[in-house]
Amino acid sequence: MTPTSFGKGCHLHLIDGSAFIFRAYHALPPLTRKSDGLPVGAVAGFCNMLWKYVTDEHGSDAPTHAAVIFDHSSKTFRNEIYPAYKANRPEPPEDLRPQFPLTRDATRAFNVSCIETEGYEADDIIAALACQARDAGGSVTIVSSDKDLMQLVGDGVRMLDPIKGKLIGPEEVAEKFGVGPDRVIDVQALAGDSVDNVPGAPGIGIKTAAQLINEYGDLETLLERASEIKQPKRRQTLIDHAEQIRISKRLVTLDCDTPLEGSLQDLEIRDPDPDALLGFLADMEFRTLTARVAERLGAEAPAVTSAPPSSAPAAPELPAIDHAGYQTVTEMAALGDWIAAITEAGQVAIDCETTSLDEMQAKLVGISLAVVPGRACYIPVGHVAGSDDLFGQAMLVEGQLPQDQVLAALKPVLEDPAILKIGQNLKYDWKIFARHGIRMASLADTMLMSYALNAGSHNHGMDELAERYLGHKCIPIKELIGSGKSQITFDRVAIDKAAPYAAEDAEITLRLYDHFTPMLSDQRVTTAYELLERPMIPVLADMELAGIKVDTDTLKRMSNAFAQKMAALEDEIHELAGEKFNVGSPKQLGEILFDKMSLAGGKQGKTGAYSTSADVLEDLAAEGHDLPARILDWRQISKLKSTYTDALQTHVDPDTGRVHTSYSITGAQTGRLASTDPNLQNIPVRTEEGRRIREAFLATPGHRLVSLDYSQIELRILAHVADIPALKQAFLDGIDIHAMTASQMFGVPVEGMDPMIRRRAKAINFGVIYGISGFGLSRNLRIPRAEAQAFIDTYFQRFPEIRAYMDKTVADAKQDGHVRTLFGRRINTPGINQSGPAAGGARRAAINAPIQGAAADIIRRAMIRMPDAIRDLPARMLLQVHDELVFEVEESAVDDLIAAARRIMEGAAEPAVKLNVPLVVDAGQGMNWAEAH
DNA sequence: ACGCTCACG
DNA sequence: GACGTACGTGAGCGTA
């Protein structure tokens with residue numbers, strides 16, 4: 001191609017290279033080259049921007065010539081005029097400096113001209129080139145948003161803000177400075193510039209400067225006629241500082257006569273040389289960009305290899321948490337940069353912002369990502385305007401990437417098993433993504449790490465963890481969405497408010513991950529975390545998404561029946577009481593029973609209120625009082641109605657017709673799950689009336705509900721861990737464990753045993769697991785305390801291993817501050833060395849935790865293996881109720897499912913632990929949960 | 001916001 | 001000798 005001389009019809013683009021570099025540096029994480037740790041984040045961003053720029057079509061304004069202009073050094077001729085010029089400028093960051101020469105190399109690799117001149121600023125070179133090109137009859141676009149360049153705008157010269165994609169002409173300049181481009185330097189001379197340390201006139205800003213210039217025409221006239229100014233202070237300022245203002249003008253005036261090497265012809269646009277460009281990119285180890293460029297150029301991408309450094313670099317000191325490094329991603333190219341950074345790093349901290357805590361209803365509002373501490377981004381996709389449009393529809397705010405494009409771009413990363421996704425309570429995000437067809441793989445969860453380390457010590461919410469382990473107070477969500485009645489959903493939060501909050505969440509998650517990771521192995525809970533916590537995420541998420549069908553018609557019918565029954569009972573109660581009162585108020589009831597009717601039963605609790613709990617009322621009823629008996633009836637019905645038949649209906653999902661509970665993995669200290677919204681782990685079963693609620697939990701047509709539950713799992717674990725021969729033998733023989741206990745304690749044969757005796761033995765068996773006391777047993781069995789104590793003494797005599805186990809457990813807890821289950825789960829016992837009444841509670845909790853915890857571990861192990869075991873069956877696991885799993889299965893496969901699930905459940909302790917008692921699982925099936933249980 | 005009460009394992 | 005007393009949960013209601 002022959003160089004044509006620059007002239008009419010030519011279009012020169014002048015790119016402000018320094019601005020590109022700084023923008024790239026601040027927008028991207030501090031990436032380093034894998035092989036040697038060279039910082040290359042700014043280079044990566046610079047290359048991405050340059051690539052985007054050279055592949056941009058630019059429409060009819062396509063450049064014929066282009067150059068990237070850099071600052072050469074910090075000292076320029078302006079320092080001779082005014083030594084303090086740009087003296088306020090901080091030194092560029094340590095990890096940016098080595099990247100300056102690399103950006104020149106990058107520019108040359110793209111085959112774009114690269115210009116810098118000793119002693120001159122980039123702005124002067126740009127000015128000189130622009131003047132030359134304009135004088136030759138061509139047009140010029142300066143790619144920069146630097147206001148100092150606006151003085152150059154005019155005939156044939158305009159600017160392009162590369163971030164906003166906005167063209168800047170004389171009108172835009174006038175908007176900014178209040179004067180035309182030709183008077184910009186006058187205004188700048190007066191207003192000064194604190195960033196560049198241009199003094200200007202004290203107390204005069206752009207507004208006043210523009211006003212003065214517009215009034216007097218130009219700066220020189222203004223200074224000459226300064227004495228005419230009416231405002232005394234302003235007049236004096238201009239007179240006193242005339243010389244300083246003139247110097248300022250020289251500082252801000254760009255030098256069109258800056259010496260230039262070469263001619264404009266040399267700047268003609270050239271295609272990049274594929275070998276040179278790809279060689280450079282591969283050398284920088286930019287995998288994604290190398291591949292992208294190779295594809296576009298139709299060349300083969302060179303292999304990007306990055307041997308890890310031979311010695312691990314010292315961990316850099318973490319910067320304080322600060323929102324300055326956060327980016328709001330509004331362009332696919334920027335998202336591409338992040339994805340490239342994630343791919344390089346092999347891990348990402350991620351957090352979804354949504355409109356609701358209910359994952360079934362929540363709409364995605366934005367996603368935040370963090371790859372290294374200090375840099376995070378927020379990708380808004382669902383923010384809407386504060387007010388609706390004319391039709392009451394929420395309007396998406398502009399400047400957001402389309403949600404489906406963002407998700408499509410992130411899907412490969414999220415599903416890539418080679419990229420670790422780090423989250424805080426990732427089950428939530430997993431479900432959100434699952435609803436968009438993305439199944440996240442390779443997960444790390446800081447909430448679960450904290451739980452594996454610190455169950456028993458504190459809760460595991462992010463705000464608490466951040467404060468406790470990072471010393472950082474998070475932005476309270478209430479600052480964004482408010483609270484109470486005026487609370488808004490997250491989609492109505494302004495993006496500029498949401499971004500720092502959301503990005504901070506991702507960064508904190510990342511830092512917590514780095515904090516907890518070494519602690520897991522140090523404190524020997526890696527196995528518990530990896531085998532008992534982490535794998536629960538997708539298992540529970542799938543169960544929760546599946547939900548269980550609940551028949552609202554049945555519930556409604558029950559509600560009506562309960563309402564009638566309650567009304568009748570209320571009449572009867574008011575009659576018996578001799579006055580009307582709120583039957584649901586324990587306070588009013590207590591006053592009626594104990595003040596008005598003077599029944600026996602004293603005050604209780606710190607509040608001084610009378611206790612009207614069920615056992616108090618039962619005692620009164622047993623003495624023949626009708627009122628307490630009716631109250632007990634009323635309370636039972638009231639509970640069933642309010643908590644179950646009424647509240648349950650509100651939890652039926654309108655889209656699925658099913659109830660989707662949420663399981664909290666870290667809610668219970670012992671490893672048990674907790675079920676919320678609604679709690680499906682406390683659906684009534686003990687009374688006939690309550691059990692009927694379970695008739696409303698249905699299998700879908702052609703299906704059955706199947707329930708499998710562990711028989712006496714905690715007693716079996718006790719028999720194993722405390723090594724109690726009599727108990728173990730009973731379980732091996734498959735005999736009635738409570739009858740055996742009674743037989744051993746009281747010396748009566750199992751055959752033909754008095755049910756009352758068995759009941760007492762059963763109460764003791766359970767009591768032992770809880771850290772029994774004579775008082776507790778006496779109250780439970782309603783027998784004299786001395787008698788209860790005598791039973792316990794007998795029990796321990798007969799099974800001395802239990803006492804030994806309890807003493808050992810408490811001693812271990814006192815020494816270690818924690819206890820462990822058979823499977824290595826750690827439960828902290830912070831209160832164990834307390835004195836006083838609290839010590840008793842801590843002691844009992846420490847005794848119970850390894851038993852309850854081991855049972856929880858076992859069913860978790862079963863649940864984790866279950867999806868694989870039932871993969872080929874038309875069945876889904878729906879619910880867990882501590883020792884029970886509920887499935888929904890096509891009716892033809894009921895027996896297969898029971899066989900498969902039972903095999904998994906009964907073998908769940910193995911191979912980690914070989915129990916010396918068998919685990920036994922009972923199964924039931926039916927059209928509804930009442931039948932199945 | 002807190003305590004009481006009660007549903008479950 | 002007194003103290004408070006069975007372990008682990010969640011939800012709805014009344015009261016402050």
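Please read these numbers as outputs of a predicted model, since none were measured by experiment. Lettering of chains follows the sequences in order, A, B, ..., and the numbering in each one begins at 1.
Between the CZ atom of Phe766(A) and the P atom of dC8(B) there is a distance of 14 Å, given to the nearest Å. What separates CZ of Arg691(A) from P of dA7(B) is a distance of 14 Å, to the nearest Å. Following rounding to the nearest Å, Trp929(A) (CH2) and dC8(B) (P) show an atom-to-atom distance of 11 Å. Computed from coordinates, the Lys762(A) NZ to dG9(B) C1' distance equals 12 Å when rounded to whole Å.
Within residues 576-592 of chain A, the residues that have a heavy atom under 4.0 Å from DNA chain C are, in order of number, Asn582(A), Gly584(A), Ser585(A), Lys587(A), Gln588(A). For the segment residues 674-682 of chain A, residues with any heavy atom less than 4.0 angstrom from an atom of DNA chain B are, sorted by number, Gln681(A), Asn682(A). Near DNA chain B, meaning a heavy atom under 4.0 Å away, the residues from residues 627-645 of chain A are Arg635(A), Gln636(A), Lys639(A), Tyr644(A).
Proximity of Met745(A) to Ile764(A): side-chain heavy atoms (C-beta onward) are separated by under 4.5 Å at one or more points. In this structure, the side chains of Leu822(A) and His720(A) come closer than 4.5 Å at one or more pairs of heavy atoms.
Projected onto DNA chain C by closest heavy-atom contact, Gln669(A) and Asn780(A) fall at different nucleotides, the more 5' of which corresponds to Asn780(A).
Here salt bridge (Lys or Arg N to Asp or Glu O under 4.0 Å) pairs that include residues 664-683 of chain A, with residues two or more places apart or in two chains, are Arg672(A)-Glu714(A). Evaluation of the side chain to side chain donor-acceptor pair (under 3.5 Å) test over residues 582-592 of chain A, restricted to residues two or more places apart or in two chains, returns none. For residues 756-765 of chain A, the set of pairs meeting the salt bridge (Lys or Arg N to Asp or Glu O under 4.0 Å) definition, not counting sequence neighbours, comprises Asp736(A)-Arg758(A), Arg760(A)-Glu787(A).
Arg785(A) comes within contact range of at least one nucleobase, with a heavy-atom separation under 4.0 Å. The residue Ala839(A) sits apart from the nucleic acid: no heavy atom pair falls under 4.0 Å. Ile772(A) comes within 4.0 angstrom of a base, heavy atoms only. Residue contacts for Arg779(A): at a heavy-atom cut-off of 4.0 Å it reaches the sugar-phosphate backbone alone, with no base atom in range. Looking at heavy-atom distances under 4.0 Å, Ala856(A) makes no contact with the nucleic acid at all.
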Can Ile772(A) and Tyr795(A) be said to form a side chain to side chain contact (heavy atoms under 4.5 Å, CB included), step by step? CA-CA 11 Å; Ile772(A) 197 167; Tyr795(A) 187 90; over 6 Å; no
Could you please spell out the steps behind the side chain to side chain contact (heavy atoms under 4.5 Å, CB included) verdict for Glu623(A) and Leu620(A)? CA-CA 5 Å; Glu623(A) 289 164 26; Leu620(A) 294 173; 4.2 Å; yes
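Using a 3.5 Å distance cut-off with no hydrogens or angles, the side chains of Gln564(A) and Asn560(A) do not pair a donor with an acceptor. Side-chain polar atoms of Glu695(A) and Thr554(A) form no donor-acceptor pair below 3.5 angstrom.
The backbone N or O of Gly482(A) lies less than 3.5 Å from a partner atom in the side chain of Gln487(A), making a donor-acceptor pair. Counting only distance, with no hydrogens or angles, the side chain of Lys427(A) and the backbone of Tyr663(A) share a donor-acceptor pair below 3.5 Å.
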Taking only distance into account, with no hydrogens and no angle test, what donor-acceptor pairs under 3.5 Å do side-chain atoms of residues 796-805 of chain A form with protein atoms, sequence neighbours excluded?
{"from": "Arg798(A)", "atom 1": "NE", "to": "Gln744(A)", "atom 2": "OE1", "distance (Å)": "2.4"}
{"from": "Arg798(A)", "atom 1": "NH2", "to": "Gln744(A)", "atom 2": "OE1", "distance (Å)": "2.2"}

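Considering Gln925(A), Arg691(A), Glu884(A) in turn, Glu884(A) is the only one that fulfils the side chain to side chain donor-acceptor pair (under 3.5 Å) rule with His933(A). Exactly one of His660(A), Gln361(A), Arg658(A) qualifies for a side chain to side chain donor-acceptor pair (under 3.5 Å) with Asp653(A). That residue is Gln361(A).
Evaluation of the side chain to side chain contact (heavy atoms under 4.5 Å, CB included) rule for Glu579(A) yields Ile592(A), Lys596(A) as partners, not counting sequence neighbours. When the side-chain hydrogen bond (donor to acceptor under 3.5 Å, both in side chains) test is applied to Ser598(A), no partner is found at least two apart in sequence or on another chain. For the salt bridge (charged side-chain N to carboxylate O under 4.0 Å, His left out) test, no residue two or more places apart in sequence or in another chain qualifies with Glu570(A).
A nucleotide of DNA chain C counts as in contact with chain A when one of its atoms lies under 4.0 Å from a heavy atom; the first and last such, 5' to 3', are dG4(C) to dA16(C).
OP1 and OP2 of dG9(B) both lie 4.0 Å or more from every side-chain N or O belonging to Arg672(A).
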Which string of ( ) [ ] | and . matches DNA chain C, if you list each base 5' to 3' and count Watson-Crick or G-U pairs only when both distances are under 3.5 Å? ......|||||||||.
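Taking atom P on both dG4(C) and dC6(B), the two are 22 Å apart, rounded to the nearest angstrom.
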